[in-house]
Number of protein chains: 2
Amino acid sequence: MIDQIHHGDCLDILSQIPNGTVNLVYLDPPFFTQKKQTLKSRKLVTYEFDDKWDSMADYIAYLKLRLIAIKEVMADNATVFVHCDRNASHYIRVMLDEVFGYDRFLSEIIWAYRRWSNSRKNLLPAHQTIYMYSKSDRYTFNTIYTDYSASTNVDQILQRRERNKHGKTVYATDDDNNVILNGPKKGVPLSDTWDIPYLNPKAKERTGYPTQKPLLLLERIIQLSSNPDNIVLDPFCGSGTTCVAATLLNRRYIGIDTSHDAVELSRARIGNPIRSDSSLLKKGRASYENLPDEVQSILNTLPVKPVQRNSGIDAIHDRFVDGRPIVIRVQRDGERLEDGANHLKQAGEKKNAILMILIRRHQDVQQTTFFNLIPPEVTVIDSIDGIIDDIIESHLHTES
Amino acid sequence: MIDQIHHGDCLDILSQIPNGTVNLVYLDPPFFTQKKQTLKSRKLVTYEFDDKWDSMADYIAYLKLRLIAIKEVMADNATVFVHCDRNASHYIRVMLDEVFGYDRFLSEIIWAYRRWSNSRKNLLPAHQTIYMYSKSDRYTFNTIYTDYSASTNVDQILQRRERNKHGKTVYATDDDNNVILNGPKKGVPLSDTWDIPYLNPKAKERTGYPTQKPLLLLERIIQLSSNPDNIVLDPFCGSGTTCVAATLLNRRYIGIDTSHDAVELSRARIGNPIRSDSSLLKKGRASYENLPDEVQSILNTLPVKPVQRNSGIDAIHDRFVDGRPIVIRVQRDGERLEDGANHLKQAGEKKNAILMILIRRHQDVQQTTFFNLIPPEVTVIDSIDGIIDDIIESHLHTES
DNA sequence: TATAGTATTGAATCCGAGC
DNA sequence: CGCTCGGATTCAATACTAT
């Protein structure tokens, strides 16, 4: 059974797993989109709550049957993570209360991400929910410490890595098989709100399977609630992310899926696990935020769109002239005015800007700026801070 | 009824509100902490599921009765926001489905915040949930736009895109292969996951209202789902944050609370026109909270100390001349320059200011300002925003 | 009025150019 | 050759349009 992907309904496969042997269960059940559609269309016709309940009840009954079976195979120290979205999360959790008990609820994990879309009639859905329940109060829990802000430095979240005798990269453990955490500072204990980027459409990690989850999400779950050589079960394994993560973290896995294609895909992935070389994950979100505080605070006073990924332009003004943009740059600490102006000019011309505005924050230390060094395309204006300083200075001079 | 805080059970007060007149409801019902604790201790001894259900059912029945009454007073375009935490959110949402209908669900808003706590054998709870339901599908919704992600590149904001013959999305070009610009964009629609700082725990202790919510949270909700002069109802208004936010945003309010102290506190907070009840606010950065956002953001760029409780002066500059202060005021929306200048002059003279600086944010609508109306003691300088607008205008004129 | 097809869009990647 | 910078691309969730 172990370290295999099984094809079939998990209800059948689960009965072949010895009771009390699984240490961690993660499940990402199907959402029954068609059913919900019919539910919706039926609702639009009848608008009767009981009708909806009937349909939702079917879905919940299907899940409940499988969760009861899952509970059987769970060890005494085991934890279960149920992944759902806003459509049915509340009914799922009521059912989980029934199966595991209200007091066995541990956490409502929010997986928050940013996503593309153009929703206009509603708030953009940008999170999914993972319910965490235990079988008993003797569950495994490894506290993970994070840096102050979420997803800034994933290396600190992850454990230390080393090479084993076969040359494979594995997570380091001490003699007692306890994980070794990375770094001397423990940091802040992980909260129940996880800012993990959505698997990007361009990511190599993508397999083409629709509901594929990021490896980091599963790695975090597995680290949190299992130890090396523990058995991790995913009864709806889909593209196999859970099993890949378990392998990478030296856990053993049992994967199950009803789709033959999913089983094939999972098997292939475990043989050749590809981890996306995501610079966002590697360097953290903060590394993309290039604008210094003093620049950002000036931009905050203006009707502009800040630009982080351009070294010459800090922002684009909300007003356009003849369809052409007005680009803005704020002088940096220690930056000579002419250097800032040339940066801005180069970048602004590429974007076909109609106006390029440089906000001067300070006088050059050596007073080397001559205005003939400033390109004529660039308009220089003073920051309020600078103007006030000038007023104070001129006041001092008139007084003396 | 309107613009008042009422004392009593909302079930009674609601019956006095005419049906279909309320445009927005926010409620932050009590969590029955004692009940839950007895529930929990009882559970620890008996661990009986039915016991818990009975108790939870009482709580839900209490809420359901009130939500049915709330639905009655809601206008056709109204929206309701129900604030809850992980303890009962699922049961509350099931009940909301029953009262408003599964299809009237709009969003599950996650309010995420960071806070300190000692790590137990658990993830640190750091979010609360707000369910958003409408009465009909003709609900009011004003999209709020936010900044683009730091990882977004400029070209996407600037360039027009289209689909080529293969259905791929590509950047549009004209016949000469030059890129076509897109014109101004609005930004990213607000998502359902809100990262808003929690109130200072010390402030909680002082007020004795542990559930006090940040103003920003309520302001966002009110902006999102109501228009000026609409009626905002909070049936469990506590310290009155909802009513304060409604007042600040020119909405009308109805507040209800069973606690006499809460009603008194709410009335006091609303009676104070600006957010200056220092006993309710943390010190330091929060002192900016008395000031409108547009004033606050400008002061943030300057080396100044913000001033509270002074209608003429917004801040005092860090530099002093001959031991005398330099006082600063930022022109308000819709405020005539001469009015602002006179305010500043009066207040500044009392403080023996050596310089009084008024930052002009906009031209007077009727161009009635003559500079001889500005007191000579006051120095007027333009905000960067205004200077840029002038540059754009003069550019337009030289072109034509 | 229900359904199918089309347009729009932002996040974060991949990848090429330049140093 | 390895790095950084920035331009191009993918794709799912929406709204919108046509049938």
Side-chain angles (χ1 to χ4, degrees), chain A residues 31 33-34 36-38 40-46 85-87 112-128 151 195-216 274-285 287-290 305-313 327 343 346-352, chain B residues 106-107 137 141 143 145-173 177-179 181-193:
Chain A
F31 294 134
T33 331
Q34 296 133 320
K36 256 180 5 209
Q37 294 284 344
T38 58
K40 207 170 186 178
S41 61
R42 204 195 301 172
K43 282 276 298 170
L44 281 171
V45 178
T46 63
D85 79 352
R86 65 194 183 286
N87 289 302
Y113 46 83
R114 291 171 151 261
R115 212 205 47 198
W116 53 92
S117 191
N118 63 339
S119 165
R120 244 164 246 154
K121 264 293 225 182
N122 218 334
L123 296 168
L124 201 60
H127 76 272
Q128 288 174 20
S151 98
D195 183 6
I196 294 178
Y198 198 84
L199 202 55
N200 194 268
K202 288 284 284 181
K204 273 185 179 168
E205 191 176 310
R206 263 184 190 267
T207 60
Y209 199 83
T211 57
Q212 192 182 340
K213 300 292 176 295
L215 256 176
L216 179 64
I274 292 175
R275 182 200 216 88
S276 218
D277 188 24
S278 157
S279 63
L280 181 68
L281 282 182
K282 223 162 44 177
K283 296 190 222 158
R285 199 177 288 286
S287 74
Y288 277 85
E289 275 146 24
N290 290 317
K305 301 272 172 286
V307 164
Q308 305 276 358
R309 283 194 53 195
N310 191 296
S311 60
I313 299 168
V327 296
H343 259 105
Q346 266 198 319
E349 278 175 349
K350 270 194 194 164
K351 303 298 172 203
N352 198 23
Chain B
L106 291 177
S107 285
D137 56 4
F141 188 84
T143 306
Y145 293 95
T146 59
D147 280 350
Y148 288 88
S149 166
S151 51
T152 303
N153 45 22
V154 206
D155 308 274
Q156 282 193 87
I157 303 171
L158 287 176
Q159 289 175 224
R160 183 183 301 166
R161 299 160 81 196
E162 63 187 16
R163 272 174 196 275
N164 67 9
K165 46 206 162 202
H166 305 298
K168 279 185 182 177
T169 306
V170 293
Y171 287 128
T173 52
N177 232 14
N178 298 316
V179 296
L181 294 176
N182 199 53
K185 282 202 178 186
K186 290 176 192 163
V188 186
L190 187 67
S191 88
D192 62 3
T193 312

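Since we're looking at a predicted model, the values are computed, not measured.
- When heavy atoms are screened at a 4.0 angstrom cut-off, Tyr113(A) is found touching no nucleic acid atom at all.
- Whole-Å rounding puts the Asn122(A) CG to dT8(C) C1' distance at 17 Å.
- Taking the side-chain hydrogen bond (donor to acceptor under 3.5 Å, both in side chains) definition, one finds that Ser191(B) meets it with nothing, sequence neighbours left out.
- Taking atom CD1 of residue Ile157(B) and atom C1' of nucleotide dA11(C), one finds them 11 Å apart after rounding to whole Å.
- The nearest whole Å value for the distance from the OH atom in Tyr288(A) to the P atom in dG10(C) is 18 Å.
- Rounded to whole Å, atom P of dT9(C) lies 13 Å from atom CD of Glu162(B).
- Counting only distance, with no hydrogens or angles, the side chain of Thr146(B) and the backbone of Leu190(B) share no donor-acceptor pair below 3.5 Å.
- By the side-chain hydrogen bond (donor to acceptor under 3.5 Å, both in side chains) test, Thr152(B) pairs with no residue at all, sequence neighbours left out.
- Rounded to whole Å, atom C1' of dA12(D) lies 14 Å from atom CD of Gln212(A).
- Summarising the geometry, the separation between CG on Leu106(B) and P on dA15(D) is reported as 11 Å, rounded to the nearest angstrom.
- Closest of all the heavy-atom pairs between Glu289(A) and Ala150(B) is CG-CB, 3.8 Å.
- For the pair Asp195(A) CG and dA11(C) P, the computed distance is 13 Å after rounding to whole Å.
- Evaluation of the ring pair (Phe, Tyr, Trp, His ring centres under 6.0 Å) rule for Tyr113(A) yields Trp111(A), Tyr198(A) as partners, not counting sequence neighbours.
- With sequence neighbours excluded, the residues forming a side-chain hydrogen bond (donor to acceptor under 3.5 Å, both in side chains) with Tyr288(A) are Ser279(A), listed by chain and number.
- Close to dA12(C), at under 4.0 Å from its OP1 or OP2, lies no side-chain N or O of Thr152(B).
- The C1' atoms of five pairs define one axis at each end of the helix from dA2(C)-dT19(D) to dC19(C)-dG2(D), and these two axes lie 30° apart (to 10°).
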Dump the intermediate steps for side chain to side chain contact (heavy atoms under 4.5 Å, CB included) on Tyr148(B) and Lys185(B), then the final yes or no. CA-CA 10 Å; Tyr148(B) 288 88; Lys185(B) 282 202 178 186; 3.3 Å; yes
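- When distances are taken from the side chain of Pro125(A) to each of dA15(D), dG10(C), dT14(D), the shortest belongs to dT14(D).
- For Asn290(A), the side chain to side chain contact (heavy atoms under 4.5 Å, CB included) partners two or more places apart in sequence, or in a different chain, are Gln308(A).
- Regarding His127(A), its NE2 atom lies at a distance of 18 Å from the P atom of dA11(C), rounded to whole Å.
- The side chain of Lys186(B) contributes no N or O atom lying less than 4.0 Å from OP1 or OP2 of dT9(C).
- Asp192(B) meets the side-chain hydrogen bond (donor to acceptor under 3.5 Å, both in side chains) test with His127(A); sequence neighbours excluded.
- Within the structure, a side-chain polar atom (N or O) of Arg115(A) is placed less than 4.0 Å from OP1 or OP2 of dT14(D).
- Residue Arg114(A) has a polar side-chain atom (N or O) positioned under 4.0 Å from OP1 or OP2 of dA11(C).
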Can you build the contact string for nucleotides 5-11 of chain D? Use B for base contact, S for sugar-phosphate-only contact, and - for no protein heavy atom under 4.0 Å. SBBBBBB
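- Phosphate contact (OP1/OP2 of dA11(C), side-chain N/O of Tyr198(A), threshold under 4.0 Å): absent.
- Take Asp155(B) and apply the salt bridge (Lys or Arg N to Asp or Glu O under 4.0 Å) test, not counting sequence neighbours, and it matches Lys351(A).
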